Participant: 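Take a look at the following structure, please.
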Amino acid sequence: MSARRSAMFLSAVALAAALAAPAAAPAQDEPETDAEEAAPAAAPAGARSATGAPPMAVPADFGGSLQVVRAPAGTAGAAAASGGGPEIFPDARRVWMSVRDTDPVPIEAARQGGRWLCSGGGCAAQTGDPGQSPIGDQILRSIKLQTPTLPLPLTVWGRLSEDGQRLLDFDPVLLGRRSYRHVCAYRPVAPVADAARSPAGAPGVPAASPRDHVDVCRDGRPEPPPPDAGELTLGMQWPKQSEMADFHYLAIVDSCGNARVQPFQRTFTVPVLEVASGGCGRPDGKVLRVFPGGGWLRVTAFNLHEPAAGNVVNATYRVTIPPLENLVESNPARLLFPDPLADDLKVDCGPTPIAPRADPGSAPPPGSARPPGPTGPAAAPPGGRPPPRAATGQPRGGAGTPPAGARQGPPAAAQGDPRPPPRAALPPPRLAPGADPSRPGPQPLAHGAVVISPAPLRLGNCRIRLTGQTKHRLVAPLALHVSLTRTDQLRGGAPIELLQDGTWIVTPSSAEFPLPPLAEDFDGDARLRLAVYSDPLSPQGKVVLLSDAGRVASSLRSSDPGEPERARRLVGSVAIHSVPLCGEDNFETLEAAGSCFRTYLTVPAMLATLQITRAPWVEKPLVTRSVLSAVGVALAIDRYDPVERRAFPVAAQLGGFVQTLGEGRVGLLGYVGIAPTVPILGSGGNTTSFGFLAGIGLEYITNEAGPDEGLKPAAFLSAVVQVGQAAPQISTSRSASFGTYAGD
């Protein structure tokens, strides 16, 4: 194979010399010369004969490269002793390397000094411009972001501006980082003296000569990424002018001593990790590092056992990584922020201001990484001695071992320090004074429904809060929009908007939106919809939620960003049933609300009455057929479902009548009875109904034409019309409450 390729190159050179035309650089899309059309040419002296081998039309051009390594002709199958040859890519003694999607054994063996194309010497390294080159910078085509919640990768850099420059669209610094601890990497190449002292079988360290034996480094089990974990991916493209070369591998090296090796492809991707603060840290080869302030990478295409066109063994380009933060433009790139979870947005209400309670969503989950900051003193176990190193989970050497000469505080208890040992753990957060855990708490805006009495809404004692652990990363304002509409009544065919200004600017120190007192277009029995929308095009916000970034990327960079209202997206909502009948003074879900007892005044008017007084064998029954023969007042008690606006069809009454009994007689009747509650007019609290009223009681009958008949027992059945309006009095909750509402 190598002889045929050598003959191809040499035949092309001879043909060009015969035609006295210098070989020019190929065009971008110039096709290769077909083997049947190319005339055979005599190979120059010293070159291998390759009869019938198709020649290469044009050699690859490596202009703008940082370094090119070429092998002399006839070294394709050379096998020489270790030492004397150039490295596959520079700084092999400092670079940690991970190999992906290909066999790592020949690569690591050659890197350690085993047999490969240039291990016996003879390869010449040609150094190019060590600085920045436009050809190398053009290798980087895009920077994309991928999270478990994104269906497609999001481009954060790579779009062209009006003047042809690539721009940073979004800054991903506020997102979480994906873990790469499962990736296995090979250690830097150790010198021969150090290799002799290294333990046998360690990955990347030769156990014995020859160095062709390498233990395969295998990855562990990856950790499942959290929803807000972002993975940055560099999209690259090998220069077109050098694509004629036949390379087998790619090595991408960062400025921190980490390398990634993968099969050669003209277009390829590389995952990287953005280091938001601090330096490189200890290199490990698991993932490449990039920085908010920018940096550079070295991209090397190379071979091991056969040369490329023109005997090119490897070619290295320097690629500039742009800054992932924009601190100079007047309109910098907006920060990306993870979407709130279903339980992060909560609404809370009460008839009086509610004392804040400890929010379990604000505490870090068990087993999560500790937030940045100084580490507190470790707890001393009983007995006064500090815990042993093995018990703390740190190895005796490596990253957990402090360097020699580092300042270490002596164990206080072991040195007889009279100070008390530090506390083992912080106590659990206590509820704020006045917070009753038995009362209903905040309800999430998870597109459900809740019920509430109207008093907190009228007083302005309702608020929306953004909770959760991710809120503490919010270092820039996040613009949201709040809408509160009444849906049971329409104005102009649309729901009535109750908020004049729903702009909500969220910061870590101010993550609460108070709902204003509701007076206009609001009564005690209403259906409301509370919704929170993202507002990515708001000029007051500098943060964009992940789910909005793909839709508004072009609008953010456009001179005419468009209407902010059309770019909004629903984040959370809840349907509120505001009822004035009974219940607790905070939100309840529909399932917990149920129904309740209510008491109200009603005015029954009798249309016809069949009444029995004293004993029927002593007196005749009193039958009144006249319309409105009696009018009274009663206190009614029934069971009512305020959400469905439906009462139990029968109510108990305690009241009295003034009756006209005829023949100059008037009766005053006090009774206990039952009556229907099925409304015939209105709904909700309106109790106007028609039906029968049955009861028993005592009646005092006076007589204008004769002596009074006195006090008598009475039982009656009347056809009545009742007119009344339910008013909240007392509920069946754990404690009596007036003017409030909750379920059983």
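For reference, positions follow the sequence shown, starting with 1. Bear in mind that the values here come from a model prediction, so they are computed numbers and not experimental data.
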Participant: For the pair T467 (side chain) and D344 (backbone), establish whether a donor and an acceptor sit closer than 3.5 Å, ignoring hydrogens and angles.
Facilitator: yes
Participant: Looking at G572 and H447, what are the two nearest heavy atoms and their distance?
Facilitator: CA-CE1, 3.8 Å
Participant: Are the side chain of Q146 and the backbone of L150 linked by a donor-acceptor contact shorter than 3.5 Å?
Facilitator: yes
Participant: In Å, rounded to the nearest 0.5 Å, how long is the span from CD1 of I674 to CG of D638?
Facilitator: 13.0 Å
Participant: Taking atom types as modelled and ignoring hydrogens, do the side chains of T147 and T149 form a donor-acceptor contact shorter than 3.5 angstrom?
Facilitator: yes
Participant: Find the distance between NE2 (H577) and CG (L528) and round it off to the nearest 0.5 Å.
Facilitator: 9.5 Å
Participant: Taking all heavy atoms of L490 and all of P495, pick out the closest pair and write down the distance.
Facilitator: CD2-N, 3.7 Å
Participant: Quick one, D548 with S534, criterion side-chain hydrogen bond (donor to acceptor under 3.5 Å, both in side chains). Give me CA distance, side-chain angles, the key distance, then yes/no.
Facilitator: CA-CA 8 Å; D548 298 323; S534 63; 2.7 Å; yes
Participant: For D339, is there an ion pair with R569 - N to carboxylate O distance below 4.0 angstrom?
Facilitator: yes
Participant: Check the pair L545, L478 against side-chain contact (heavy atoms from CB on, under 4.5 Å), reporting the backbone distance first and the verdict last.
Facilitator: CA-CA 9 Å; L545 299 180; L478 168 65; 4.1 Å; yes
Participant: Taking the side chain from R551 and the backbone from A567, do they hold a donor-acceptor pair closer than 3.5 Å?
Facilitator: yes
Participant: Given side chains that start at C-beta, do those of L480 and D535 come closer than 4.5 Å, heavy atoms only?
Facilitator: no
Participant: Below 4.5 Å, heavy atoms only, C-beta onward: do R334 and L556 meet side chain to side chain?
Facilitator: yes
Participant: Can R486 and D488 be counted as an ion pair, charged N to O under 4.0 angstrom?
Facilitator: yes
Participant: I'd like to know if the side chain of E231 reaches the main chain of L145, judged simply by a donor and an acceptor atom lying under 3.5 Å from each other, with no hydrogens or angles considered.
Facilitator: no
Participant: Which residues pass the side-chain hydrogen bond (donor to acceptor under 3.5 Å, both in side chains) test with D169, sequence neighbours left out?
Facilitator: R159
Participant: Can you confirm whether F522 sits close enough to P454 that some side-chain heavy atom of one is under 4.5 Å from a side-chain heavy atom of the other?
Facilitator: yes
Participant: So do the side chains of P340 and L466 get within less than 4.5 Å of each other, counting heavy atoms only?
Facilitator: yes
Participant: Between F657 and F716, how do the two ring planes meet: parallel, tilted or perpendicular, split at 30° and 60°?
Facilitator: perpendicular
Participant: From L515 CG over to L484 CG, what is the distance, rounded to the nearest 0.5 angstrom?
Facilitator: 6.0 Å
Participant: Output the distance between atom CD1 (I496) and atom CD (Q489), rounded to the nearest 0.5 Å.
Facilitator: 5.5 Å
Participant: Got a sec: does the CD of Q500 have more than 12 other heavy atoms crowding it under 6.0 Å?
Facilitator: no
Participant: Does either side chain, that of Q653 or that of Y671, offer a donor lying less than 3.5 Å from an acceptor on the other one?
Facilitator: yes
Participant: Any side-chain heavy atom of F337 sitting closer than 4.5 Å to one from V544?
Facilitator: no
Participant: Between K712 and E699, does at least one N-O distance fall below 4.0 Å, as a salt bridge requires?
Facilitator: no
Participant: Distance check, rounded to the nearest 0.5 Å: L530 atom CG versus I576 atom CD1?
Facilitator: 5.0 Å
Participant: Under 3.5 Å, is there a donor-acceptor pair between the side chain of R463 and the main chain of N461?
Facilitator: yes
Participant: Could you tell me whether the side chain of L154 reaches within less than 4.5 Å of the side chain of L336, counting heavy atoms only?
Facilitator: yes
Participant: Between Q540 and T503, is any pair of side-chain heavy atoms under 4.5 Å apart?
Facilitator: yes
Participant: Would you say CD1 of I696 has more than 12 non-hydrogen atoms from neighbouring residues, nucleotides or ligands within 6.0 angstrom?
Facilitator: no
Participant: Checking E563 side chain against E565 main chain: does a donor-acceptor pair fall under 3.5 Å?
Facilitator: no
Participant: Between S578 and R527, is a side-chain contact (heavy atoms from CB on, under 4.5 Å) present by the stated rule, with each step listed?
Facilitator: CA-CA 6 Å; S578 175; R527 298 297 181 264; 5.9 Å; no
Participant: The test is side-chain contact (heavy atoms from CB on, under 4.5 Å); show your working for F513 and V347 and say whether it passes.
Facilitator: CA-CA 9 Å; F513 181 84; V347 59; over 6 Å; no
Participant: From E497 CD over to D521 CG, what is the distance, rounded to the nearest 0.5 angstrom?
Facilitator: 10.5 Å
Participant: Ignoring hydrogens, what is the shortest heavy-atom contact between C462 and I452? Give both atom names and the distance.
Facilitator: SG-CD1, 4.3 Å
Participant: Where is the tightest heavy-atom contact between M606 and Q659, given as atom of each residue plus distance?
Facilitator: SD-NE2, 4.4 Å
Participant: Taking all atoms of both residues into account, what is the closest heavy-atom pair of L335 and A476, and its distance?
Facilitator: CD1-CB, 3.8 Å
Participant: Indicate yes or no: at least one non-hydrogen side-chain atom of P508 is less than 4.5 angstrom from one of H472.
Facilitator: no
Participant: Is there a side-chain contact (heavy atoms from CB on, under 4.5 Å) between V720 and L607 once you walk through the steps?
Facilitator: CA-CA 5 Å; V720 297; L607 302 179; over 6 Å; no
Participant: Which heavy atom in F170 sits nearest to a heavy atom in T155, and how many Å separate them?
Facilitator: CD1-O, 4.1 Å
Participant: Where the side chain of T702 meets the backbone of D708, is there a donor-acceptor pair that is under 3.5 Å apart?
Facilitator: no
Participant: In terms of side-chain geometry, is the basic nitrogen of R665 or E704 positioned less than 4.0 Å from the acidic oxygen of its partner?
Facilitator: no
